[in-house]
Amino acid sequence: MNKKTFYYELKHVDKNSGARYGILHTPHGDYETPMFMPVGTLASVKTLSPEELYEMGSQIILANTYHLHLRPGEDIVAKGGGVQKFMNYKGAMLTDSGGFQVFSLAKKRGISEEGVTFKSHLNGDKIFFSPEKVIEIEQKIGADIAMSFDECIPYPATYQYVKDSTLRTLRWAKRGKDVHTRQDQALFGIVQGGEYEELRKYCAQELVKMDFDGYAIGGTSIGEPKDVCYKMIDYAIKYLPSDKPRYLMGVGSLDYILIGIEKGIDMMDCVLPTRIARHGTLMTHKGRINIKNSKFKEDFTPLDEECNCYTCKNYTKAYLRHLYVADEAFGKRLLSIHNVHFLLEITKKAREAIKEDRFNEFKEEVLKKYGDERGF
RNA sequence: GGAGGGGUAGCGAAGAGGCUAAACGCGGUUGACUGUAAAUCAAUUCCUUCGGGUUCGGCAGUUCGAAUCUGCCCCCCUCCA
């Protein structure tokens with residue numbers, strides 16, 4: 001790895017918590033952490049243009065290896081100049097490996113030591129992903145950060161299952177790393193281990209020995225209780241080196257984000273803001289609202305009085321509700337803009353708070369005002 | 001004037017003697033969603049003090065039992081004069 005193109009620079013640790021402020025240097029720019037990364041599975045953050053995303057402060061966004069492999073295929077993405085150029089995103093990108101699809105497409109796949117066989121969710125084609133194959137695809141897609149191929153273990157799972165799976169994920173991590181050659185792309189390892197302390201610890205320690213460019217905590221936010229998720233973070237994070245970025249995978253509700261940051265997480269991604277926006281739910285400074293509710297029929301105020309996103313500056317709840325009810329695509333876009341902006345702004349404010357050693361107060365204040373204990 | 005067809009819950013539309021407070025769709029209301037098989041999915045939608053009560057254009061019948069059968073009446077549509 002060429003340290004000139006990708007490295008993490010820890011700038012400041014909050015004096016009263018584990019929260020860290022840092023700079024992530026990537027081939028496509030330098031970005032501040034902690035950060036929230038919107039998810040654009042198919043090289044598109046649904047309903048949003050890459051330009052408006054970037055302008056509202058998104059830094060790194062995700063795309064997905066499995067999905068891009070199926071359509072349009074990594075060779076086309078490569079011919080298009082790599083995923084950033086292909087989709088015209090000015091910031092940096094990260095590809096998830098398809099490890100989540102091992103979980104989400106569980107009914108359509110089989111796992112062996114060699115890898116995972118999927119039945120394409122599009123047409124039933126047989127697709128085989130080995131860790132080596134995934135790295136080959138990710139290198140062609142060309143994101144700034146590639147993720148190792150892992151199994152995102154379901155919750156709950158027995159100790160034996162989690163152990164076997166985690167050890168296999170470790171072997172896969174090594175196999176992937178051995179074939180990763182692209183110098184302008186970082187490769188992250190993923191800590192699994194379920195809810196078991198010794199497995200999380202072992203997995204983290206073994207990955208660190210392999211010396212990845214960053215470390216993710218995976219197998220989180222897949223339906224486990226909140227305290228279990230927090231334990232999963234605690235069990236792993238203390239074994240991760242402070243000079244490498246730590247990425248909490250799949251987390252996007254307000255409480256998870258803030259508590260993750262408090263524990264020393266630098267990066268988080270989630271489909272939540274865009275998905276729930278398309279389904280009518282909005283995160284605001286005063287908690288969640290559902291724009292479908294009839295009480296907004298004649299509410300001519302913005303979604304969130306404290307928000308300065310494009311949607312809140314220009315449109316009322318009554319209009320947004322109308323668009324939603326009328327099933328107008330523009331409504332879904334306006335709502336997505338708001339939710340993504342909301343999380344980007346929260347993490348931006350979190351960074352400011354960390355720099356001033358007042359992250360705890362910041363977190364408490366935001367969560368108190370938000371009210372909803374689920375943190376949505 | 002003649003000949004047909006039809007009136008079912010907010011709307012559309014099944015049902016043609018009991019298993020029907022009545023399929024299904026739309027509309028309405030509410031909820032879920034966390035490394036996106038998700039612009040998706042679920043619940044609910046006559047009234048109710050949850051015991052029950054009142055329904056299928058209206059009235060009167062047949063029947064142990066009627067949205068379903070009979071008679072009359074009222075509306076709507078199509079065709080012919």
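Computation of the quantities below employed the complete heavy-atom set of this structure, encompassing side-chain atoms and omitting hydrogens, waters and symmetry-equivalent molecules. Order of the sequence lines sets the chain letters (A, B, ...), proteins ahead of strands, with each chain counted from 1.
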Heavy atom of residues 62-71 of chain A under 4.0 Å from RNA chain B: which residues? A:Leu62, A:Asn64, A:His67

A:Tyr202 side chain to A:Thr166 side chain, donor-acceptor N/O pair below 3.5 angstrom: no

Between B:C56 and B:G12, how many Å separate the two C1' atoms, rounded to a whole number? 15 Å

Nearest-nucleotide pick for A:Lys297, side chain only, options being B:G35, B:U29, B:U36: B:U29

May I ask you to say what A:Asp327 touches in the nucleic acid, namely base, sugar-phosphate or nothing, with a heavy-atom cut-off under 4.0 Å? sugar-phosphate

Please determine whether the number of non-hydrogen atoms from other residues, nucleotides or ligands lying under 6.0 Å from atom NZ of A:Lys11 exceeds 12. no

For B:A37, does OP1 or OP2 lie under 4.0 Å from any side-chain N or O of A:Gln101? yes

Taking the side chain as everything from C-beta on, heavy atoms only, tell me whether A:Phe188 gets closer than 4.5 Å to A:Met267. yes

Decide yes or no, distance alone: a donor-acceptor N/O pair under 3.5 angstrom between the base of B:G31 and the side-chain of A:Lys292. yes

Counting just side-chain N and O atoms, does A:Ser294 come under 4.0 Å of either OP1 or OP2 of B:U30? yes

No-hydrogen, no-angle side-chain donor-acceptor test under 3.5 Å, A:Gln160 and A:Asp164: yes

Answer with base, sugar-phosphate or nothing: what part of the nucleic acid does A:Ile190 contact at a heavy-atom distance below 4.0 Å? base

How should the glycosidic conformation of B:G10 be described, syn or anti, under the criterion that syn lies within 90° of 0? anti

Is a donor-acceptor contact shorter than 3.5 angstrom present between the side chain of A:Thr274 and the base of B:U36? yes

Below 4.0 Å: OP1/OP2 of B:A32 and any side-chain N or O of A:Arg288: yes

Contact list for residues 83-97 of chain A, test salt bridge (Lys or Arg N to Asp or Glu O under 4.0 Å), sequence neighbours left out: none

Verify the neighbour count for atom NZ of A:Lys355: are there more than 12 heavy atoms of other residues, nucleotides or ligands below 6.0 Å? yes

Tell me the partner of B:C79, counting only Watson-Crick (N1-N3 plus N6-O4 or O6-N4) or G-U wobble (N1-O2 and O6-N3) with both under 3.5 Å; none if nothing fits. B:G2

Span that lies between the C1' atom of B:A14 and that of B:G25, in whole angstrom: 11 Å

Check the phosphate of B:U34 against A:Ser221, side-chain N and O only, distance under 4.0 Å to OP1 or OP2. Yes or no? no

Using whole Å, report how far NZ of A:Lys108 lies from C1' of B:A37. 8 Å

I'd like the C1' distance from B:U48 over to B:A21, given in whole Å. 13 Å

Would you indicate what A:Val45 reaches in the nucleic acid, counting non-hydrogen atoms under 4.0 angstrom: base, sugar-phosphate, or nothing? nothing

With no hydrogens and no angle check, do the side chains of A:Ser165 and A:Glu151 hold a donor and an acceptor under 3.5 Å apart? yes

Test A:Asn339 against A:Leu282 for side chain to side chain contact (heavy atoms under 4.5 Å, CB included), laying out the working first. CA-CA 6 Å; A:Asn339 271 356; A:Leu282 292 314; 3.6 Å; yes

For B:A9 versus B:U62, give the span between their P atoms, rounded off to a whole number of Å. 28 Å

Could you please name the option among B:U34, B:U36, B:A32 that lies closest to any side-chain atom of A:Val39? B:U36

Indicate whether OP1 or OP2 belonging to B:A37 is found under 4.0 Å from a side-chain N or O atom of A:Ser104. yes

P atoms of B:G7 and B:U68, separation to the nearest Å: 12 Å

Tell me whether the OP1 or OP2 atom of B:A38 has a side-chain N or O from A:Arg278 closer than 4.0 Å. no

Between B:U29 and A:Asn293, is there an OP1 or OP2 to side-chain N/O distance shorter than 4.0 Å? no

Looking at every strand, decide which applies to A:Gly219 at a 4.0 Å heavy-atom threshold: base, sugar-phosphate, or nothing. base

For RNA chain B, find the residues of residues 109-121 of chain A with a heavy-atom distance under 4.0 Å and give them by number; none if there aren't any. A:His121

Expressed in whole Å, how much space separates the P atoms belonging to B:G53 and B:A67? 15 Å

Need one value for A:Glu151: base, sugar-phosphate or nothing, where a base atom within 4.0 Å counts as base even if backbone is also close, heavy atoms only. nothing

Out of B:U34, B:U40, B:A37, which nucleotide sits closest to the side chain of A:His279? B:U40

Side chains of A:Asp144 and A:Gln84 only: does a donor on one sit below 3.5 Å from an acceptor on the other? yes

Using heavy-atom distances to pick each residue's nearest nucleotide on RNA chain B, tell me which of A:Tyr324 and A:Tyr247 is more 5'. A:Tyr247

Mark yes or no: A:Lys286 above the aromatic ring of A:Tyr370, with NZ or CZ under 6.0 Å from the six-membered ring centre and no more than 45 degrees from the axis. no

Please give the distance between the P atoms of B:A66 and B:C50 as a whole number of Å. 28 Å

Does either side chain, that of A:Ser253 or that of A:Asp255, offer a donor lying less than 3.5 Å from an acceptor on the other one? yes

